[in-house]
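I have placed the structure first, in the form of structure tokens, so that the comments after it can refer back to it.
Numbering of ligands and ligand atoms starts at 1, following listing order. This structure is a prediction, so every number in the text was calculated from the model and none was measured.
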Amino acid sequence: MPDNHDESWLDDSLDPPDWEAFRQTAHLALDEAIDYVRDVRHRPVWQPVPEAAKQQLSRPLPRSGEGMPATYEAFRELVLPYPTGNIHPRFWGWVHGTGLASGIVSEMLAAAMNCNCGGRDHAALYVERQVVDWCRQMLGYPQGASGVLVSGTSMGTIIGLAVARNARAGCNVRAEGIAAAPKRLITYASCEAHSSVVKALELLGLGHNALRKIPVDDKFAIDLTALQRAIDEDRRAGYQPFCVVGCAGTVNTGGLDDLAALAKICAGEGLWFHVDAAFGAHCALSESLRPLIRGIELSDSVAFDFHKWMYVQYDAGCVLVRNGELHKKTFATRPDYLQHLERGLAGGGEWFTDLGPELSRSFRALKIWFALKSYGADAFARMIEQNCRQAQYLAERVKADPLLELMAPPSLNIVCFRARPPHCPEKDLDRLNSEIVAGLQERGIAAPSTTRIHDRLAIRVAITNHRSRREDFDMLVEAVRALASELVATAS
Ligand SMILES: *Cc1c(COP(=O)(O)O)cnc(C)c1O
């Protein structure tokens, strides 16, 4: 034990010695953060990190501190000007959400509270329970369903499929491992399903060869006849069909599986029905879009994100499991040092650590709670509908333009197209369009991404952006046209 009379005993702390000085830097940072978001439209969408900044960012561990003001200065110079760009109105790459002004405040407050949301009895858990319950209502899940906030749909899918595996493997997976399963467990998803499904199967010991990639129809929805055939074949071969992953919004084209039909097949075959609704889930908020994901309420588990089509700051995802008991049975463990007590801080309701692999957890719920409470669900419905209308608008512009070609019927909020200048041979179009996308990004004009549709490279515009306006799509079309002409001219 330290001796209190010992000279070396210090009541030291990392708190600021001068809170007023700290307050000044903090207020400056907040003010500048607000300006940064307000003025984003006037900056380039993206710019590469300069070599000098990369060098600064690879310097060794500092033994002594430079203080907050100097660190903030370094951040302003080296970090702040070089973001992904997804807060910009012309960022439409991959599926990146925009972020919300409310998140600037809620993230700061969550940091001030610094709650550990693994469990125990404190307000943050009640906030998370409320957010999860709002999600349950939004997606039409029954009372008794459980849910937990996670980093994103990738983690949500791992959790959903872990519950499925443990419930259906036919052995005690927690004790014996998946090797004890009497039969090989087979999962089905469309060939358009996200790579996170593959990763989940690998991580859960099921292996990606146990994923049957079912073909899609011309709207990029899973072919139900082919699915049924694959299930029958696997049964005949002595495997155990165990799970179907439905897509509510595919990453390539925004394609939507017929979830109600998948639910029926799963009920008939005794399969677990998981839905990847990473961005599609939020269609549930809109009267007009809700029918597109009909059947999601019949699934056994569903994973989705707030950081995509609800624009909430990263990272924020959720998984819901219809049978809350099975969910808990997959993850609950309480060693002595985590015992639940009747009273005090170790009491309260369910602990979130019993619903996933993580023990320590951040207060993710606060930014979602702030968003839903301050804007209201209807505001999100309006923005989501607006993004869908913008996709239709862009698709119409593409169709009307002889220089451009639509690559897939626009579904939800995703448009895939390409430039196709006259006399440019088909074999050169992939390179041309990939250079157009690189050019758009490098010049800071816009940030779409690319994908392949029917084995052709497409410029892919996924609109999960509440800042985009009509003029931004006009600017995109003009810039694609201009770059196409420029590139064709320099090539010839
Ligand atoms: C983004 C995405 C995922 C993965 O979600 P993360 O939040 O990035 O983990 C899964 N499926 C689809 C359809 C997606 O768009």
(Q) Measuring only between side-chain heavy atoms, which start at C-beta, is Y393 closer than 4.5 Å to D474? (A) yes
Q: Please report which non-hydrogen protein atom sits nearest to atom 15 (O) of ligand 1, along with the residue it belongs to and the distance in Å to one decimal place.
A: K308 NZ, 3.0 Å
**Q.** Min N/O separation T250 to ligand 1 under 3.5 Å
**A.** no
Q: Would you mind running through ligand 1 and noting each atom that sits below 4.0 Å from a heavy atom of F279?
A: 15 (O)
Q: Please state whether the rings of F306 and F304 are parallel, tilted or perpendicular, taking 30° and 60° as the class boundaries.
A: perpendicular
(Q) Give the atom numbers and elements of ligand 1 that come within less than 4.0 Å of a heavy atom of A278. (A) 2 (C), 3 (C), 10 (C), 11 (N), 12 (C), 13 (C), 14 (C), 15 (O)
Q | Close N or O approach (D305, ligand 1; < 3.5 Å) | A | yes
Q.
At less than 4.0 angstrom from any non-hydrogen atom of G249, what atoms of ligand 1 do you find?
A. 13 (C)
All N/O donor-acceptor pairs, side-chain side in residues 202-209, below 3.5 Å, sequence neighbours left out:
{"from": "E202", "atom 1": "OE2", "to": "H208", "atom 2": "ND1", "distance (Å)": "2.5"}

Q | Distance (rounded to the nearest 0.5 Å) between D258 CG and L292 CG | A | 11.0 Å
Q: Heavy-atom distances under 4.0 Å are what count here, so tell me which part of H307 touches ligand 1: side chain, backbone, both or neither.
A: side chain
Q: For S196, counting its heavy atoms only, list the atoms of ligand 1 lying under 4.0 Å from any of them.
A: 10 (C)
Q.
I'd like to check R456 versus M407 (side-chain heavy atoms, cut-off strictly below 4.5 Å). Are they in contact?
A. yes
Q) Considering only heavy atoms of V95, which atoms of ligand 1 have at least one such atom less than 4.0 Å away? A) 15 (O)
Q | Cationic N near anionic O, under 4.0 Å, K328 to E350 | A | yes
(Q) My understanding is that only residues two or more places apart in sequence, or in another chain, count here; which of them pass ring-ring contact (aromatic ring centres under 6.0 Å, His included) with F220? (A) H454
Q) How are the rings of F331 and H327 set relative to one another: parallel (under 30°), tilted (30 to 60°) or perpendicular (over 60°)? A) perpendicular
(Q) Counting only heavy atoms, tell me which of D315, D276, T157, V197 gets closest to atom 11 (N) of ligand 1. (A) D276
Q.
Check for me whether M155 has a heavy atom closer than 4.0 Å to any atom of ligand 1.
A. no
**Q.** Top protein contact for atom 9 (O) of ligand 1, by heavy-atom distance
**A.** S154 OG, 2.6 Å
